[in-house]
Amino acid sequence: YREMYDSRRCWQTEEMVDLELNKLTSISAKTTALKDQIRIRVLGLGWEDCHHPWSHGEKDYTPEELATHLKEEIIKKHKSRVVPKKPKVKVPTRKVLPVVGTLTHDVLVIDANKAAQELQILNEAEEMLLKLEDKRYTMFQEVSRPKIEDLLGKRIEYLFCYTEPTGEDLLVWAKGEVVALPEPRKTKKRKRKGNNNSDEVDEPEEDNRAIVMWDERYLSKDEDGNVEDNPQLMTLLKTKYNKHVEKAWRCILGDD
């Protein structure tokens, strides 16, 4: 959760909270996203005073109530609050008492052991994150799929299914850059809603296509050594965004 605060996943402003919530259509999706935003501050930054319960009695708090807490009690109140570089680690500690004279050897040993435990926990957490790299990468993506036009000039990953010489299928994330957008599709003629006449209106059809220049190492070659066409016209489906299935896609975060 600490790293999520510095990623695209985190909603840093009140305006961003409203913008991202408007992209989500279901109550469950909004509630899940808001809980993540609160956990980022409480668990990731150690701001326990920002906690908000998920329910009261038998009643769950609504997305509107959670959003108000996030905007008013967290983002607005803590704009100048110092953000810790590392997550807060909870380990058993001694009670801090006034010091008269010098600390005893036993007290110094207790403090040293506490520091060593904290360092060990952080090192183990980093090792665990490396083992769960793909899941971790997924957690840092934006909650909602970016607009296709916003991907122009950005690097993405696309999950291709390659067939090994043994006949085994292998899913591989290929990296490339969105270098252009195709000509918009023709609008579809639709009858005007609630109109009994034969009047028709032009409605633009959502276009999920983008032209992607793939990194050369991901391109296939035929028996003569010819490399497949590059760039390629790809369809980036909304339902495949930030998933782990064939034809899934996601944005590349930071340097790759």
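Here the structure is a predicted model, which means the values were calculated and not measured.
- Considering CZ of F140 and SG of C10, their distance stands at 11.0 Å, rounded to 0.5 Å.
- Interatomic distance, L66 CG to T62 OG1, rounded to the nearest 0.5 Å: 6.5 Å.
- Between Y162 and A174, the closest heavy-atom pair is OH-CB, 4.3 Å.
- Minimum heavy-atom separation, R2 to V83: NH2-CG1, 3.7 Å.
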Between K23 and D18, is a salt bridge (charged side-chain N to carboxylate O under 4.0 Å, His left out) present by the stated rule, with each step listed? CA-CA 9 Å; K23 296 178 184 178; D18 293 331; over 6 Å; no
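- When hydrophobic clusters are built by joining Ile, Leu, Val, Met, Phe, Trp and Tyr residues whose side-chain heavy atoms come closer than 4.5 Å, directly or via intermediates, I252 is not grouped with I211.
- For the pair R217/K175, a side-chain contact is recorded, criterion being any heavy-atom separation below 4.5 Å from C-beta on.
- Between Y158 and the options V172, L236, V212, a side chain to side chain contact (heavy atoms under 4.5 Å, CB included) holds for only L236.
- Listed for the R9 side chain is no donor-acceptor partner under 3.5 Å among the backbone atoms of Y5.
- At a threshold of 4.5 Å between side-chain heavy atoms, the hydrophobic network of Ile, Leu, Val, Met, Phe, Trp and Tyr places L24 and I27 in two separate groups.
- One hydrophobic cluster, built from ILVMFWY side chains closer than 4.5 Å, cannot hold both V178 and L233; they sit in different ones.
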Are K79 and E14 close enough, and set up right, to give a salt bridge (charged side-chain N to carboxylate O under 4.0 Å, His left out), and what steps lead you there? CA-CA 11 Å; K79 286 181 179 178; E14 299 152 74; 3.4 Å; yes
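- Between H78 and W47, the angle of the ring planes lies from 30° to 60°, which puts this pair in the tilted group.
- Of the residues T31, T32, L21, the one that meets the side chain to side chain contact (heavy atoms under 4.5 Å, CB included) test with P63 is T31.
- Heavy-atom neighbours of D229 CG from other residues, nucleotides or ligands within 6.0 Å: at or below the threshold of 12.
- Distance check: L34 CG to E65 CD gives 11.5 Å after rounding to the nearest 0.5 Å.
- Electrostatic pairing of R155 and D215 counts as a salt bridge here, judged by a charged N lying under 4.0 Å from a carboxylate O.
- Note: Y61 and H56 have tilted aromatic rings, judged against thresholds of 30 and 60 degrees for the angle between ring planes.
- Of the possible polar contacts, one joining the N242 side chain to the T138 backbone as a donor-acceptor pair under 3.5 Å is found.
- By the 6.0 Å contact criterion, NZ on K147 is open, its count of non-hydrogen atoms from other residues, nucleotides or ligands being 12 or less.
- Between D6 and K85, no side-chain nitrogen of the basic residue sits less than 4.0 Å from a carboxylate oxygen of the acidic one, so the salt-bridge criterion is not met.
- Residues that satisfy the side-chain contact (heavy atoms from CB on, under 4.5 Å) test with R8, not counting sequence neighbours, are E142, C251, L253.
- Using a 3.5 Å distance cut-off with no hydrogens or angles, the side chains of E157 and W249 do not pair a donor with an acceptor.
- Transitive grouping of hydrophobic side chains (ILVMFWY, heavy atoms separated by less than 4.5 Å) brings F160 and L219 into a common cluster.
- R41 contributes no side-chain N or O that, together with a main-chain N or O of I75, makes up a donor-acceptor pair within less than 3.5 Å.
- Annotation: the span from I40 atom CD1 to C50 atom SG amounts to 12.5 Å, rounded to 0.5 Å.
- Taking every heavy atom of both residues into account, W11 and A33 meet most closely at CH2-CB, 3.7 Å.
- Residues V42 and R39 fail the side-chain proximity criterion, which asks for heavy atoms closer than 4.5 Å.
- Side-chain contact between I74 and H69: present, with at least one pair of heavy atoms (C-beta onward) separated by less than 4.5 Å.
- L181 approaches E149 most closely through the heavy-atom pair CD1-CA, 3.7 Å.
- Under 4.0 Å is where a charged nitrogen must lie from a carboxylate oxygen, and between K30 and E20 no such pair does.
- In the displayed structure, E168 atom CD is contacted under 6.0 Å by at most 12 heavy atoms of other residues, nucleotides or ligands.
- To the nearest 0.5 Å, atoms NZ (K238) and CD1 (I148) are separated by 10.5 Å.
- A continuous path of Ile, Leu, Val, Met, Phe, Trp and Tyr side chains, each step under 4.5 Å between heavy atoms, connects I156 with L152, placing both in one hydrophobic cluster.
- Side-chain contact of N208 with T235: a donor-acceptor pair under 3.5 Å is absent, judged by distance alone.
- The CD atom of E73 sits 11.0 Å away from the CD1 atom of I38 when rounded to the nearest 0.5 Å.
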